There are 2 protein chains.
Amino acid sequence: MNADATENLLLQAMGAERASALLPHFEPCDLGLGMPLETPGEPIEYAYFPERGVVSVIVLAREGGEQVEGGLIGREGLTGQTVVLGGDRSPHLTRVQIPGHARRIRADRLREVIERDHDLQSWLLRFAQLMSIQTAHAALAYARLRLEEKLARWLLMCHDRIESDELSLTHEFLSVMLGVRRAGVTVATHTLEGEGLIRARRGRIEIIDRRGLRRVAGAGYGTPETEYERLIGLPMSREDRS
Amino acid sequence: MNADATENLLLQAMGAERASALLPHFEPCDLGLGMPLETPGEPIEYAYFPERGVVSVIVLAREGGEQVEGGLIGREGLTGQTVVLGGDRSPHLTRVQIPGHARRIRADRLREVIERDHDLQSWLLRFAQLMSIQTAHAALAYARLRLEEKLARWLLMCHDRIESDELSLTHEFLSVMLGVRRAGVTVATHTLEGEGLIRARRGRIEIIDRRGLRRVAGAGYGTPETEYERLIGLPMSREDRS
DNA sequence: AAGATTTGGTGCGTTTTCGAACGGTTTACA
DNA sequence: TGTAAACCGTTCGAAAACGCACCAAATCTT
């Protein structure tokens, strides 16, 4: 197994030499829909480097069951920020939103490797910085964007992290991610569809016009993606690729 | 200058030995109201360990001037997460919201010290983890709390970081922090005052009943504070102190 | 002391989103 | 193939927050 063999962009970007400290510890792993990768308050077992599929970090209220999405992770990064930062558990829930597969490494192994290889550590910290920026902009989005804009933002972010133009997800699901009403998602979806930006079928949304979605999302989309390119050296946003 | 001489809680909590690597590089520094400690997109010059006063990290939209507060930092921590994570600049704005004073260290010095002393680095990373949790819960607050609840949450967080029970701030200021209308703050303030939780005078809010504010803030307050205690070993929330 | 400025209080109508509910359609599976 | 479940579309009134605008009171300036 070598670095070129993985489809994880972060591993590619750090180069074969840096990645080589991790490779022996990887095991391939399916990411099944809904699978919890980290459970709030419990020790983190593995860090996952997705190669396909999308995972999200879900912020939970202590009580009352309120929740919103704090960030998305796909093949551009890894889960387990907490471990990279030296912790062993986090108050958030991390779960698979779009199925795929990953390479994973045991948390204790990752700690050992990081401890020995500070060059590698600093690469992983760079991604932790990106997640922090992403979460900060999620806060901005929740505070200032309208439902329709939040939806456009989420679709763009998700689109960046998958291959196809089609997302398998329900309105119910989106409503939880965006922290809004299910019926609200239905309406916003219609608006976007009416403008020809997406096409929605039952349990499925197809991205038709990224530019248009960016126009709708406005300033809600872009900063974390720009920072990714600056820090990692690979374009994050789809239209910036080849 | 030794660690006991500082009023910064993080420096106290890490112990004199760990802090000793930083102390020679510190210079005292006033934190004047409105002073920018980090400017978006520009190299960070100093990391600040506040001893009095409160600083906030402000998340900016690329255009349109929208902004919200991503997190608060007082004497329980330090600014310059980005530097601790190995970066040199961030897209956020960090500025003084409540005047006070701090010890500061040049960013490049901090980088050197961290590079040499990994035990110290891991302490500082621990606080980076806390800021990340705080921002995540800010996102939750913006998404799910009502104005009045957001206000209660903000007052509690600020109260934790100062000595007195009195805050010098205007409705206008709060409206920007919370990402809401100025008139909305006025109304919410009246509600809280009507319940006897605070007392508001021109440009000034006095905290009367913390318990009551916690009841209003509900699940919007608490998680980052609990985590602080778990990770740093000192109580963050006021009512948990002696 | 007079005037300018900042800050707070209030009252519109409007927009956005909510909560709850119902019914129809598609899909899954027994 | 039929029945149950999941999903979507739509409706209703209500709540929350908005933008805007105006005035009063407190404070600062000179």
Side-chain angles (χ1 to χ4, degrees), chain A residues 32-34 61 64-68 97-99 139-155 166-194 198-206 216-218 220, chain B residues 33-34 61 64-68 97-98 139-155 166-194 198-206 216-218 220:
Chain A
L33 180 59
E66 308 250 54
Q67 57 180 73
V68 293
Q97 304 297 25
I98 294 181
L140 184 60
Y142 288 125
R144 311 292 301 175
L145 300 191
R146 282 175 316 156
L147 179 37
E148 185 187 325
E149 300 167 335
K150 282 185 256 195
L151 177 58
R153 171 180 179 269
W154 197 91
L155 292 174
E166 224 174 65
L167 308 173
S168 280
L169 33 82
T170 68
H171 293 185
E172 171 67 30
F173 168 86
L174 277 170
S175 77
V176 176
M177 288 305 96
L178 301 177
V180 299
R181 232 177 11 140
R182 198 268 308 160
V185 173
T186 304
V187 173
T189 301
H190 289 167
T191 309
L192 296 183
E193 192 165 19
I198 62 173
R199 204 147 61 89
R201 275 163 299 169
R202 184 190 175 79
R204 189 151 303 213
I205 292 181
E206 187 184 355
V216 172
Chain B
L33 180 59
E66 308 250 55
Q67 58 182 71
V68 293
Q97 305 296 26
I98 294 182
L140 184 59
Y142 289 124
R144 311 291 300 173
L145 298 191
R146 282 173 317 154
L147 177 36
E148 185 187 323
E149 301 168 335
K150 280 185 260 195
L151 177 58
R153 170 179 180 270
W154 196 90
L155 292 175
E166 227 175 63
L167 308 172
S168 280
L169 33 82
T170 68
H171 294 183
E172 172 67 29
F173 168 86
L174 276 170
S175 77
V176 176
M177 288 304 97
L178 302 176
V180 299
R181 228 176 15 140
R182 196 269 307 160
V185 173
T186 304
V187 173
T189 301
H190 289 167
T191 310
L192 295 183
E193 192 165 19
I198 63 175
R199 204 146 62 88
R201 274 164 299 169
R202 186 188 174 81
R204 189 151 304 215
I205 291 181
E206 188 186 354
V216 172

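Naming convention: chains lettered A, B, ... in sequence-line order (proteins, then strands); numbering from 1 in each chain. Just so you know, these numbers use all the heavy atoms, side chains as well, and skip hydrogens, waters and symmetry mates. Everything numeric in this text was worked out from a predicted model, so none of it was measured.
The CG-P distance, from Leu33(A) to dA6(D), rounds to 14 Å in whole Å. As a whole-Å value, the separation of Arg181(A) CZ from dT15(C) C1' is 14 Å. Between Leu145(B) atom CG and dT17(C) atom P there is a gap of 17 Å when expressed in whole angstrom units. As rounded to whole Å, 11 Å separates atom P of dC8(D) from atom CZ of Arg204(A). Distance Glu149(A) CD to dT17(C) C1': 14 Å, rounded to the nearest Å. The separation between Leu178(B) atom CG and dA17(D) atom P is 11 Å, rounded to whole Å. A straight line from NE2 of His171(A) to P of dT27(C) spans 13 Å, rounded to a whole angstrom. The CG-P distance, from Leu151(B) to dA17(D), rounds to 11 Å in whole Å.
Gly184(B) comes within contact range of no nucleotide atom at all, as no heavy-atom separation falls under 4.0 Å. Residue contacts for Arg146(A): at a heavy-atom cut-off of 4.0 Å it reaches the sugar-phosphate backbone alone, with no base atom in range. Here Val187(B) lies out of heavy-atom contact (under 4.0 Å) with every strand.
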Stepwise side-chain contact (heavy atoms from CB on, under 4.5 Å) check, Thr191(A) with Val216(A) | CA-CA 11 Å; Thr191(A) 309; Val216(A) 172; over 6 Å; no
Check the pair Ile205(B), Leu174(B) against side-chain contact (heavy atoms from CB on, under 4.5 Å), reporting the backbone distance first and the verdict last.
-> CA-CA 11 Å; Ile205(B) 291 181; Leu174(B) 276 170; 3.9 Å; yes
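Of the candidate nucleotides dT10(C), dT11(D), dC8(D), dT10(C) has the atom lying nearest to any side-chain atom of Thr186(B).
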Can you tabulate the close N/O pairs, meaning under 3.5 Å, that link protein atoms to atoms of nucleotides 24-30 of chain D?
residue	atom	partner	partner atom	Å
dA26(D)	N3	Arg202(B)	NH2	3.3

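Residue Ile198(B) holds its CD1 atom at 12.0 Å from CD of Glu166(B), rounded to the nearest 0.5 Å.
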Sequence neighbours left out, cut at 3.5 Å: what donor-acceptor pairs do the side chains of residues 143-152 of chain A make with other protein atoms?
residue	atom	partner	partner atom	Å
Arg144(A)	NE	Glu66(B)	OE1	2.8
Arg144(A)	NH1	Gly179(B)	O	2.7
Arg144(A)	NH2	Glu66(B)	OE1	2.7
Glu149(A)	OE1	Arg146(A)	N	2.7

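The residue among Leu147(B) and Leu169(A) whose nearest nucleotide of DNA chain D lies closer to the 5′ end is Leu169(A). Of the residues near DNA chain C, Glu148(A) and Ala183(A), the one whose nearest nucleotide (by heavy atom distance) lies more toward the 5' end is Glu148(A).
At a cut-off of 3.5 angstrom, the base of dG19(D) holds no donor-acceptor pair with the side chain of Arg182(B).
The minimum heavy-atom distance between Leu178(B) and Trp154(B), with the atom names listed, is CD2-CB, 3.8 Å. Of all the heavy atoms in Glu193(A) and Ala200(A), the pair that sits closest is OE2-N, 3.0 Å.
At least one side-chain nitrogen or oxygen of His190(A) sits closer than 4.0 Å to the OP1 or OP2 atom of dT10(D).
The shortest side-chain heavy-atom distance between Leu167(B) and Phe173(B) does not fall under the 4.5 Å cut-off.
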